[in-house]
Amino acid sequence: MSNNRVSRRQFLNYTLTGVGGFMAAGILMPMVRFAIDPALQTKAEGDFVQTSQKVADITEEPVKVDFSYEQVDAWYTSEVTDTAWVYKSGDSIVALSPVCKHLGCTVNWNSDTEHPNQFFCACHGGRYEKTGKNVPGTPPLGPLDAYEVSEKDGFLLLGKKIANNLA
Amino acid sequence: MFFNGNDVQQFQTQKDFIDTALVPLLFLEFDDARIRQSSSATDFLMSLTAFVEQQFKGRLMLVPPFSYTNQTKDGLAVNLLKEELQSTGFKYVIFITTDHTWTSHSEQLDVIWLPPIPLESMDKGVKKTVLEEQLKQIIPVLTSKWY
Ligand code: FES
């Protein structure tokens, strides 16, 4: 009989554990949230930023696509404009960051007459193939970064910068 | 590169590659008749040089601008400034300005002179196109010095 009965001691134990649990949760939850939130914070449109580039207009020839988003730096919000080189490769769309992997100049497509169909960095003659792969013997030591791409209502969306996984 | 703590640290380890100093020369005028034009030209030059910096981050350092008025211009010893920058390792010291009086110094100094374009009435997209056009004029000037 007494098995089913809750003794005074047990009752107190349960309630205190329960209340303690709530209190612990009350303290921990905001901490966890603060810890995770910045990582979850994203640019507008989830992870992606809308561009004014129509997907249907993208060809095999790389074009410059500008996109802006808001960047919060402590209390200071600023609008940042970034650029990507965008082209079609087979069925997929490739978006490459124009930032040279040597010392950070901006690379241009096809601007060096001696080496056509490459990305060229005028600063120290760095060169990249169309895929973004750095040409050995020129200063850059790695490939151009890429952007995640997506599409919405026929327009190109650009996402996070990712390391270029060149096959 | 900008003249700030982080960029300068990188500059010190990469002096072989970052060999160009870009020095804006700003002519400030404060009298009622000229202040608008002067501030607009300042805005233009600052925006443009920031844009040049972005393009050539790994090759040039954008030095904070040297400003002067009619009265103080004579105190600006640009030749000494140039020598000082050269002695710290900048192979090329290039001045950029919207004040045409500097064009008469072009024998001793590398000066890029540009007529100012008022940017204040433009929206962002137009501004960017205008600056891009200007940048296109500057690129060959710089690369002709380098190569
Ligand atoms: S920054 Fe591009 S080659 Fe040096």
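Order of the sequence lines fixes the chain letters, A, B, ..., with proteins taken first and strands second; residue numbering starts at 1 for each chain.
Taken from OG1 in A:Thr106 to CG in B:Leu135, the straight-line distance is 8.5 Å, to the nearest 0.5 Å. A distance of 6.0 Å separates OG1 in A:Thr81 from NZ in B:Lys128, rounded to the nearest 0.5 Å.
For chain B, the nearby part of A:Thr83 is the side chain; its heavy atoms alone come within less than 4.5 Å. In this structure, chain A has no heavy atom under 4.5 Å from any part of B:Glu53. The contact between B:Gln55 and chain A is made by backbone and side chain atoms together, counting heavy-atom distances below 4.5 Å.
Considering every non-hydrogen atom in both B:Gly58 and A:His124, the closest pair reads O-CE1, 3.1 Å.
A:Leu103 and B:Leu142 are assigned to two separate hydrophobic clusters, defined by single-linkage of ILVMFWY side chains at heavy-atom distances under 4.5 Å. In the hydrophobic cluster analysis, where Ile, Leu, Val, Met, Phe, Trp and Tyr join through side-chain heavy atoms closer than 4.5 angstrom, B:Phe27 is grouped apart from B:Ile35. Using a 4.5 Å cut-off between side-chain heavy atoms of Ile, Leu, Val, Met, Phe, Trp and Tyr, with links allowed through other members, B:Leu60 and B:Leu85 fall into different hydrophobic clusters. By the rule that hydrophobic residues join a cluster once side-chain heavy atoms approach within less than 4.5 Å of another member, B:Val141 and B:Met61 end up as members of separate clusters.
For the pair A:Val99 and B:Lys57, the minimum side-chain heavy-atom distance is 4.5 Å or more.
Atom CG of B:Asp31 has more than 12 heavy atoms from other residues, nucleotides or ligands within 6.0 Å. For B:Tyr147, the OH atom sits in a packed shell: over 12 heavy atoms of surrounding residues, nucleotides or ligands are nearer than 6.0 Å.
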